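Since the structure comes first, as structure tokens, the remarks are kept for the end.
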Amino acid sequence: MSKSTKFIFVTGGVTSSLGKGIISASLAKLLQARGYSVTIQKLDPYINIDPGTLNPYEHGECYVTDDGAETDLDLGHYERFLNVPTSQANNITTGRIYKNVIEKERRGDYLGKTVQVIPHITNEIKERIQELSEQHPYDIVITEIGGTVGDIESLPYIEAVRQMMWELEDDCLVIHLTLIPFLAAAGELKTKPTQHSVKALLELGVQPDILCCRTEHPLDLELRKKIARFTNVSVNAVIEAKDASTIYEVPLFMQAEELDSVVLDKLGLSKRNTPNLDQWKEFLDKLKNPKFEINIALVGKYVELKDSYKSISEAIIHAGVANNVKVKVHWIQSENVNAKNVQELLHSMQGILVAPGFGSRGIAGKIEAIRYARESGIPFLGICLGMQCAVIEFARNVLGYGDAHTTEIDPDSKHPVISMMEEQKKQSNFGGTMRLGAYDCQLKPGSNIYQAYQSDQIKERHRHRYEFNNEYLEHFQKAGMIGAGKNTESGLIEAVEIPEHPWFVGVQYHPEYKSTVLNPHPLFVAFIEAALKQKSSHG
Ligand code: GLN
């Protein structure tokens, strides 16, 4: 641990979904804008080793880092706000903590001792928190504790926080995010749930330093004083966190509430620079004042839970801003798309994006949507399974292989145009065994994708088991679908394209993970630009 690193813990009270991730990312942004190096970590109290095996309906998208960690979607917010990559160390679950401790026990590291929650589990948690500042000399590490105070499963985390506050004294600080509900019948904001939730923290030996209060209405001074009085928190540390029209507004709300100043005062850090948020404000200004509007269909099977495609929808927002356009996303359940209704569903779209995924549900609809995009000249972006479906569609409808498929769904297909990667055949476990993380890709000069990146060498993140079957490459290229991106080491095709089409790109990797506010992803920017052109040429 770097000696001067400060630790900020963010806990949540009253209910889940208050937005701890966004508050953490917003505070980090403000501290970064003052010149501090900051990272954010998420501790998840569930027993899965990572969210890689979770259905997106359970927990939203699985976010993948450069080093190939399958992580909580909050890490996506951290990267999008801070513009700094995260890693496996930024997301730890109870499963991982226990796995490490049990492996140490088997190795004999605790020989002779009874292994217990305190101190062994709590020590492991503390080590994982401090590990980040050992890897890199951060000024500040913000650790977001998943779940809600009072949950049985988060107890060891709160205990670890209590111990660190005792051991590191002034180098630690706790922010508690809570809810101040508005009771319409009484016409009043109510502080009682917050009082109870702080009491629950106090019972565990943790006094919060700052309260961030989610509210739909402004908190007046009297109410702030009341909250302060009941919770031993200074009035200026009772922060109003009102609902925002976009998550990207939250850093500015927090700045107006002086959250960063209060944090720096309490940690004894200087307020050295006035934060420079000019680029951020410019982004927000463009976001709120678009010049054009376009319609994009997002075709996927988890559309009922929008968090399943979090990074994609945020990347679309970033790319919209880069093009001065408001992108209206139409969420289309792929299971509902068929040859009869595809025209009606998609004819008014200026772009069609087919999402990543696993398994057979909704595949037929994805293929139908792609056929429509290909035949009608609507700009198309296929991501991972979306790209694989584009290859299947082309094989079936252009090459005439009616039964072409991916071996993921039809292992006996006579035309397995997408097949399992060789190295994957050796895997017997499910968790953490896909081709994960960042790999190099060489792009074909002159292609649309090359045009987008303005480079022939890129590095993008992956999460898949199946891949374009190179035995068919020549046949595809002759018929008009080219391999536009390739990993030269393995020979894997990472991108396909139809040069005859206005803009038809499929990528095996996930560009969405790398799009940030300050660095909108070039492929999304190019896709939206192509969609905008489509609009002007078709009225
Ligand atoms: N199921 C496909 C594979 O494993 C695609 C994965 C994805 O879309 N992330 O290759």
Side-chain angles (χ1 to χ4, degrees), residues 50-66 68-71 73 76 298-303 305 307-313 315 334-335 352-367 369-370 380-393 395 404-411 413 416-439 441 460-470 472 485 487 490-496 505-515 523:
D50 59 44
T53 52
L54 292 178
N55 183 321
Y57 285 133
E58 292 272 317
H59 208 64
E61 157 190 293
C62 171
Y63 184 79
V64 178
T65 56
D66 276 335
E70 296 178 282
T71 73
L73 61 75
L298 196 162
V299 185
K301 70 168 171 174
Y302 303 112
V303 288
L305 183 73
D307 272 359
S308 308
Y309 303 112
K310 195 77 212 161
S311 293
I312 293 178
S313 46
S334 48
E335 272 187 300
I352 297 173
L353 190 156
V354 176
F358 295 83
S360 60
R361 183 166 71 89
I363 284 278
K366 284 184 172 175
I367 293 174
I370 294 167
F380 165 79
L381 177 59
I383 300 179
C384 208
L385 184 63
M387 171 267 200
Q388 297 177 352
C389 288
V391 169
I392 297 166
E393 191 280 322
H405 224 318
T406 161
T407 55
E408 177 178 4
I409 294 162
D410 180 3
S413 166
V417 288
I418 302 290
S419 59
M420 190 181 261
M421 284 177 277
E422 271 314 308
E423 70 208 44
Q424 285 293 321
K425 294 182 181 155
K426 301 177 217 133
Q427 302 289 0
S428 52
N429 272 358
F430 226 69
T433 53
M434 281 187 253
R435 179 171 180 246
L436 290 165
Y439 286 90
C441 174
E460 291 282 3
R461 301 180 194 172
H462 297 67
R463 182 174 187 246
H464 62 125
R465 286 196 172 85
Y466 299 84
E467 183 52 67
F468 184 92
N469 183 346
N470 266 322
Y472 291 91
N487 176 281
S490 58
L492 296 177
I493 295 293
E494 311 281 35
V496 296
V505 175
V507 286
Q508 183 56 76
Y509 56 81
H510 292 261
E512 69 273 22
Y513 294 141
K514 278 175 66 170
S515 186
L523 196 56

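Keep in mind that this is a model prediction, so the values were computed, not measured. Both ligands and their constituent atoms are indexed starting at 1 by order of listing.
- Here the closest non-hydrogen pair linking E61 and K310 is OE1-N, 3.3 Å.
- The distance criterion of under 3.5 Å between nitrogen or oxygen atoms is not met by I383 with respect to ligand 1.
- With a 4.5 Å cut-off on side-chain heavy atoms, E408 and I418 do not count as touching.
- Side chains of K366 and L385 form a contact here, defined as non-hydrogen atoms less than 4.5 Å apart.
- If you check each of H510, M434, E408 against atom 1 (N) of ligand 1, the one with the closest non-hydrogen atom is E408.
- For atom 10 (O) of ligand 1, the closest non-hydrogen atom of the protein is Y466 N, 2.9 Å.
- In terms of protein heavy atoms, atom 5 (C) of ligand 1 is closest to G357 O, 3.3 Å.
- Every N/O-N/O distance between H464 and ligand 1 stays at or above 3.5 Å.
- Protein heavy atom closest to atom 4 (O) of ligand 1, with residue, atom name and distance, is R465 N, 3.0 Å.
- Side chain of N469 to main chain of P416: a donor-acceptor pair is present (N/O by atom type, distance under 3.5 Å, no hydrogens or angles).
- Of the N or O atoms in Q508, none lie within a sub-3.5 Å distance of an N or O in ligand 1.
- Regarding atom 9 (N) of ligand 1, its nearest protein heavy-atom neighbour is R463 O, 3.0 Å.
- Counted by atom type alone, R465 and T433 present one or more donor-acceptor pairs between their side chains at under 3.5 Å.
- The nearest heavy-atom contact from the protein to atom 7 (C) of ligand 1 is C384 SG, 2.9 Å.
- Checked for salt-bridge contact, R361 and E335 meet the test: a charged N lies under 4.0 Å from a carboxylate O.
- Geometrically, ligand 1 and F358 share no nitrogen or oxygen pair separated by less than 3.5 Å.
- Scanning all heavy atoms of the two residues, the minimum distance from Q508 to M387 falls at OE1-SD, 3.7 Å.
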